[in-house]
Student: 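Attaching a single structure in structure tokens format; questions to follow.
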Amino acid sequence: MNRIYHIFLFVLFAFGSEGVNAANPSYKTTADSLYAEGQYEQAAEIYEALLKEGEAAELYYNLGNCYYKTEKLAYAILNYERAYRLNPADPDIEANLNFVRGLTLDKVNPPSELFFVTWWKDLANAFSMSNWKTIAIVSFILLLTGLLAYFFVSASLIRRIGFYAAVAGALLVVVSNLCAWTQSQSLQQHDAAIITSPVSTVYSSPNNTSTHLFDIHEGTRVEILDQSTEEWVEILLEEGKQGWAETKNLEII
């Protein structure tokens, strides 16, 4: 099996990106089979190769599973986070992400947020961005149909139904577009990272001779405040602590 796997990888990389794009489904099937056989590292290599040709929530999710099985916690979290960014409505992605977060050494307590902020995030993440766009299109059709019924049908019952349908359609158009926009903004932001080294020391300024503030461990999620220097980034933990960490110790989500 290992020999077949190495021959497969040779073909995969020898033909380059055009070959990958032409046979993505079969490559993914091979990776899935390797995963089912317990060959997690080999499956991870193929998922990584496929992701270089284009992002997909399912591929990140499967890659996260491979890293979890090989006890690479930080990279499991990193890929679950990337999968969640693309499809926050998937319950399996969210469940696995929450599970592996609970295995990290650092237990960060994020500050509470206003209830309507939480409510809006939950609503925006209830469906994927593509689903919200579909809902917006259907809602717009409902709006037009309702307006046509209200203005061009003489029967009072149909006109009343048309009016309420138009109102509902208008509200859904606004909400669905706002939710799709919220997810779009989230996808464009790359201001969060996962600590990938076993331990990363955080300093008061971007050099390792400054004051040692605290240590953070692999798998911890941080927000990036400043990445103007190549070797250092200013980070912020969810609980409010901040400082400078070396770029080599983290990876952008």
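Residue indices begin at 1 and follow the sequence shown. All values derive from a computational prediction rather than experimental measurement.
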Student: Using the rule given for salt bridge (charged side-chain N to carboxylate O under 4.0 Å, His left out), can you reason through Lys107 versus Glu239, listing the C-alpha separation, both sets of side-chain angles and the distance that settles it, and then say yes or no?
Tutor: CA-CA 10 Å; Lys107 305 304 178 185; Glu239 62 185 13; over 6 Å; no
Student: Is the closest basic N to carboxylate O distance between Glu230 and Lys248 below 4.0 Å?
Tutor: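 So Glu230 does not pair with Lys248 through a salt bridge.
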Student: Can you tell me how far CG of Leu63 sits from NZ of Lys72, rounded to the nearest 0.5 angstrom?
Tutor: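 Lys72 NZ to Leu63 CG: 10.0 Å, rounded to 0.5 Å.
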Student: Within a 6.0 Å radius of atom CZ on Phe214, are there more than 12 heavy atoms belonging to other residues, nucleotides or ligands?
Tutor: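 More than 12 within 6.0 Å, yes.
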Student: Checking Trp232 against Tyr203 for the side chain to side chain contact (heavy atoms under 4.5 Å, CB included) test, could you report, in this order, the C-alpha distance in whole Å, the side-chain angles of both residues, the deciding distance, and whether it holds?
Tutor: CA-CA 10 Å; Trp232 294 86; Tyr203 297 92; 3.6 Å; yes
Student: Between Lys133 and Ala180, what is the shortest heavy-atom contact and its length?
Tutor: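 Scanning both residues completely, I find the closest heavy atoms to be CG-CB, 4.4 Å.
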Student: When the aromatic ring centroids of Trp132 and Phe127 are compared, is their separation below 6.0 Å?
Tutor: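 Yes, close enough.
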Student: With distance as the sole test, does Thr134 use its side chain to make a donor-acceptor pair with the main-chain N or O of Ser130 at under 3.5 Å?
Tutor: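 Yes; at least one donor-acceptor contact below 3.5 Å.
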Student: Would you call Ile194 and Leu250 a side-chain contact if the rule is heavy atoms closer than 4.5 Å?
Tutor: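 No, every pair of side-chain atoms sits at 4.5 Å or beyond.
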Student: Start with the C-alpha gap between Thr201 and Asn208, add the side-chain angles, then the distance that decides, and say whether side chain to side chain contact (heavy atoms under 4.5 Å, CB included) holds.
Tutor: CA-CA 9 Å; Thr201 300; Asn208 53 21; over 6 Å; no
Student: Which atoms form the tightest heavy-atom contact between Asn87 and Ala57, and what is the distance?
Tutor: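 Shortest heavy-atom contact: CB-CB, 3.8 Å.
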Student: Which heavy atom in Leu59 sits nearest to a heavy atom in Leu50, and how many Å separate them?
Tutor: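 Closest approach of Leu59 to Leu50: CD1-CB, 3.9 Å.
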Student: Taking a hydrophobic cluster as the set of Ile, Leu, Val, Met, Phe, Trp and Tyr residues connected by side-chain heavy atoms closer than 4.5 Å, whether directly or through intermediates, do Tyr75 and Tyr47 fall within one such cluster?
Tutor: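 Same hydrophobic cluster.
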Student: Which word best sums up how the rings of Tyr68 and Phe99 line up, parallel for under 30°, tilted for 30 to 60°, or perpendicular for over 60°?
Tutor: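 Perpendicular: the ring planes of Tyr68 and Phe99 meet at over 60°.
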Student: What I'd like to find out is whether the side chain of His217 reaches to under 4.5 Å of the side chain of Pro198, using heavy atoms alone.
Tutor: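 No, too far: nothing below the 4.5 Å cut-off.
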Student: Do Cys179 and Leu123 have side chains that get closer than 4.5 Å, going by heavy atoms?
Tutor: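 Yes, side chains in contact.
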Student: Could you check whether Thr209 and Asn207, counting side-chain N and O atoms only, form a donor-acceptor pair closer than 3.5 Å?
Tutor: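 A donor-acceptor contact under 3.5 Å links the two side chains.
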Student: To check you understand the geometry: which heavy-atom pair defines the closest contact between Gly146 and Ala165, and what is its length?
Tutor: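 Heavy atoms only, the tightest pair is CA-CB, 4.3 Å.
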Student: Report whether Ile93 and Leu51 are members of the same hydrophobic cluster (ILVMFWY, side-chain heavy atoms less than 4.5 Å apart, transitive linking).
Tutor: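 Yes; tracing contacts between hydrophobic side chains, which count when under 4.5 Å, links both residues.
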Student: Taking atom OG1 of Thr247 and atom CD1 of Ile235, what is their separation to the nearest 0.5 Å?
Tutor: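 The OG1 atom of Thr247 sits 10.5 Å away from the CD1 atom of Ile235.
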Student: Among side-chain atoms of Ser128 and Asn131, is any donor-acceptor pair under 3.5 angstrom?
Tutor: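 Note: Ser128 and Asn131 side chains meet the donor-acceptor criterion.
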Student: Is the backbone N or O of Val199 less than 3.5 Å from a side-chain atom of Ser197, with the two atoms forming a donor-acceptor pair by type?
Tutor: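 Checking the backbone N and O of Val199 against the side chain of Ser197, a donor-acceptor pair under 3.5 Å is found.
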Student: Going by heavy atoms in the side chains, are Ser204 and Trp244 under 4.5 Å from each other?
Tutor: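 No; the side chains remain at least 4.5 Å from each other.
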Student: Distance check, rounded to the nearest 0.5 Å: Leu171 atom CG versus Ser139 atom OG?
Tutor: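 Atom-to-atom, Leu171:CG and Ser139:OG are 9.5 Å apart.
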Student: Is any NZ, NE, NH1 or NH2 atom of the basic residue among Arg221 and Glu223 found under 4.0 Å from an Asp or Glu carboxylate oxygen of the other?
Tutor: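 Salt bridge present between Arg221 and Glu223.
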Student: Evaluate whether atom CH2 of Trp120 has more than 12 neighbouring non-hydrogen atoms of other residues, nucleotides or ligands under 6.0 angstrom away.
Tutor: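 Yes - once you tally the heavy atoms of other residues, nucleotides and ligands closer than 6.0 Å, there are more than 12.
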Student: Taking side chain as C-beta onward, heavy atoms only, is Pro88 less than 4.5 Å from Gln183?
Tutor: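 Side chain of Pro88 against side chain of Gln183, heavy atoms only: contact under 4.5 Å found.
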Student: Rounded at 0.5 Å granularity, tell me how far NZ in Lys52 sits from CD in Glu48.
Tutor: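 Answer for the NZ-CD pair, Lys52 versus Glu48, is 7.0 Å.
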Student: Would you call Arg82 and Glu251 a salt bridge, taking side-chain N to carboxylate O under 4.0 Å as the test?
Tutor: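 Looking at Arg82 and Glu251, the cut-off is met.
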Student: Is the shortest heavy-atom distance from the side chain of Thr145 to the side chain of Ile141 under 4.5 Å?
Tutor: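 Heavy-atom side-chain distance check passes, below 4.5 Å.
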Student: Could you walk me through whether Leu97 and Ile77 pass the side chain to side chain contact (heavy atoms under 4.5 Å, CB included) test, one step at a time?
Tutor: CA-CA 6 Å; Leu97 177 57; Ile77 293 174; 4.2 Å; yes
Student: Does Gln185, at its CD atom, have more than 12 non-hydrogen atoms belonging to other residues, nucleotides or ligands within less than 6.0 Å?
Tutor: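 Atom CD in Gln185 is crowded, with more than 12 foreign heavy atoms closer than 6.0 Å.
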Student: So, does Ser33 use its side chain to make a donor-acceptor pair with the main chain of Thr29 at under 3.5 Å?
Tutor: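 It does hold such a pair.
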Student: Verify the cluster assignment for Leu172 and Leu147: are they in a single hydrophobic cluster under the rule of side-chain heavy atoms below 4.5 Å apart?
Tutor: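 Shared cluster, no.
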Student: Is the backbone N or O of Leu178 less than 3.5 Å from a side-chain atom of Thr182, with the two atoms forming a donor-acceptor pair by type?
Tutor: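 Looks like yes, one N/O pair under 3.5 Å.
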Student: What's the verdict on side chain to side chain donor-acceptor pair (under 3.5 Å) for Tyr60 and Glu55, showing C-alpha distance, side-chain angles and the deciding distance?
Tutor: CA-CA 8 Å; Tyr60 279 128; Glu55 290 187 307; 2.8 Å; yes
Student: How close do Ala31 and Ala43 get, heavy atom to heavy atom, and via which atoms?
Tutor: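 Answer, listing the atom of Ala31 first, then Ala43: O-CB, 3.4 Å.
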Student: Relative to the ring of Tyr80, is the ring of Tyr61 parallel (under 30°), tilted (30 to 60°) or perpendicular (over 60°)?
Tutor: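 Correct class here is tilted.
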Student: Can you tell if the side chain of Ile216 reaches within under 4.5 Å of the side chain of Leu237, non-hydrogen atoms only?
Tutor: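 Yes, at least one pair of side-chain atoms sits under 4.5 Å.
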Student: Step by step, work out the side chain to side chain contact (heavy atoms under 4.5 Å, CB included) result for Asp226 and Val233.
Tutor: CA-CA 6 Å; Asp226 186 347; Val233 290; over 6 Å; no
Student: For residues Asn62 and Tyr35, determine if any side-chain heavy atom of one lies less than 4.5 Å from a side-chain heavy atom of the other.
Tutor: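 No, every pair of side-chain atoms sits at 4.5 Å or beyond.
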Student: Looking only at heavy atoms, what is the nearest atom pair of Asn177 and Ala136, with distance?
Tutor: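 Looking at all heavy atoms of both residues, the closest pair is ND2-CB, 3.8 Å.
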Student: Starting from Val175, can I reach Val167 by hopping between I/L/V/M/F/W/Y residues whose side chains sit under 4.5 Å apart?
Tutor: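 No; Val175 is not reachable from Val167 via cluster members.
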Student: Applying the 4.5 Å side-chain criterion to the ILVMFWY set and letting contacts propagate, would Ile158 and Tyr150 be lumped into a single cluster?
Tutor: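 Not linked; separate clusters.
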Student: Roughly how far, to the nearest 0.5 Å, is the NZ atom of Lys241 from the CG atom of Leu236?
Tutor: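 If we round to the nearest 0.5 Å, Leu236:CG and Lys241:NZ are 11.0 Å apart.
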Student: Output the distance between atom OG1 (Thr104) and atom CD (Glu218), rounded to the nearest 0.5 Å.
Tutor: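 Nearest 0.5 Å value for the OG1-CD distance: 9.5 Å.
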Student: Under 4.0 Å between a side-chain nitrogen and a carboxylate oxygen: does that hold for Glu58 and Lys28?
Tutor: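 Lys28 and Glu58: salt-bridged.
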Student: Are more than 12 heavy atoms from other residues, nucleotides or ligands located less than 6.0 Å from atom CZ of Phe140?
Tutor: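 Open.
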